[in-house]
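Given the structure is predicted, the values throughout are model-derived calculations rather than measurements. Just the heavy atoms: all of them, side chains too, but no hydrogens, waters or symmetry mates, feed the values below. In what follows, chains carry the letters A, B, and so on, assigned in the order in which the sequence lines appear, proteins first and then strands, with residues in each chain numbered from 1.
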Amino acid sequence: MPEEFHPRSAAALRVGPLKRGALGKTPDSEWELFERAQILAGKSLSAVARQLGRRTPRNLMGHKGWVGELLESALGAAAGSAPEPDFPVLGVELKTIPVTRDGRPRESTYVCTAPLIDNVSVRWKTSLVHRKLQRVLWIPIEAEPSVPLPVRRIGTALLWSPSAQEEQRLKRDWEELMELICMGELDQLRAHRGDCLQIRPKAANGQSLTTAIGQAGERIRTLPRGFYLRPSFTEAILREHFLIAT
DNA sequence: CCTTGATCATGC
DNA sequence: GCATGATCAAGG
């Protein structure tokens, strides 16, 4: 059996330096993925970037996805833009989540593109939202504006699956939102809809257009949309598993 | 302070 | 253009 498949001791997990080549290797199991994430806990973004041979930008303006991409590389996620979880074989989606000093999410969490056409046969359980949220490796990232990006720290990872109740809430929202899409009610498809899951524009700019269905069933051009998790939902996830003062 | 709507970068 | 990675910024 290859050496890298052996469990490591708890002591090694806490204080051991990263083995040469450890960063970026694709994990073969969920356990191995989680262990790699644990090793990153407490490290600064610039430290991880340095070990990967990457430069750390001064800030995120013009580099909005930099943190997520850094963690993808560090954990060996399959790079690319395929509409599937980051670790397809494991069925695990990786999400970095910017948090305040209190550990509360600063932003909503993008899930996936909202399908505006050819979606009539899609059910909750066959939806991309469902597939991506079945198993998520949440990695909180320190995101206080007063803390310079390079010294912001990576938090303790959380491997999460929705509870039955959480899944019901997601399913209800998904069905309500998809109903509007299928009925051509894009005017009513606004971000205020949805208890925990919402739909918002997801586009390069306001001129971006994609095809959707209008009220008369005709094809129309509209802004591309994406599914997002509300911060209140992700905050509850973190709070259930970590101790967060209220 | 929070939410909604808008936007930035990258690969194909 | 579409999918990924998200954060920005105006207004309530």
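Panel note: side chain A/Asn205, backbone A/Ser208; a donor-acceptor pair is recorded below 3.5 Å. Using a distance-only test at 3.5 Å, with no hydrogens or angles considered, a donor-acceptor pair links the side chain of A/Gln198 to the main chain of A/Ala191. Between the side chain of A/Ser46 and the backbone N or O of A/Val151 there is no donor-acceptor pair closer than 3.5 Å. Within the 3.5 Å criterion, the main-chain N or O of A/Gly194 finds a donor-acceptor partner in the side chain of A/Arg230. Judged purely by atom type and a 3.5 angstrom limit, A/Thr96 has no side-chain atom pairing as donor or acceptor with the backbone of A/Ile139.
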Counting primed atoms plus P, OP1 and OP2 as sugar-phosphate and everything else as base, spell out the protein contacts along nucleotides 3-12 of chain C at 4.0 Å heavy-atom distance: B, S or - for each nucleotide, 5' to 3'.
BBBBBB----
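Judged purely by distance below 3.5 Å, without hydrogens or angles, the side chains of A/Arg152 and A/Ser44 never pair a donor atom with an acceptor atom. A/Arg135 and A/Ser161 share a donor-acceptor pair across their side chains, judged by distance under 3.5 Å alone.
In this view, A/Phe87 satisfies the ring pair (Phe, Tyr, Trp, His ring centres under 6.0 Å) rule with no residue, not counting sequence neighbours. Here A/Glu144 pairs with A/Arg101 under the salt bridge (Lys or Arg N to Asp or Glu O under 4.0 Å) rule; sequence neighbours left out.
Residue A/Arg172 places its CZ atom among 12 or fewer non-hydrogen atoms of other residues, nucleotides or ligands, all under 6.0 Å distant.
Along DNA chain B, the nucleotide nearest to A/Arg106 and the one nearest to A/Ala204 differ in position, and the one closer to the 5' end is contacted by A/Arg106.
For the pair A/Arg225/A/Leu186, a side-chain contact is recorded, criterion being any heavy-atom separation below 4.5 Å from C-beta on.
For DNA chain B, the neighbouring residues in residues 177-199 of chain A, judged by any heavy atom under 4.0 Å, are A/Arg190, A/Ala191, A/His192, A/Gln198.
No salt bridge links A/Glu167 with A/Lys171; every basic N to acidic carboxylate O contact stays at or beyond 4.0 Å.
Protein chain A touches strand DNA chain B; the 5'-most and 3'-most nucleotides with an atom under 4.0 angstrom of its non-hydrogen atoms are B/dC2 to B/dG11.
Within the helix from B/dC1-C/dG12 to B/dC12-C/dG1, the inter-axis angle between the opening and closing five-pair segments is 30°, rounded to 10°.
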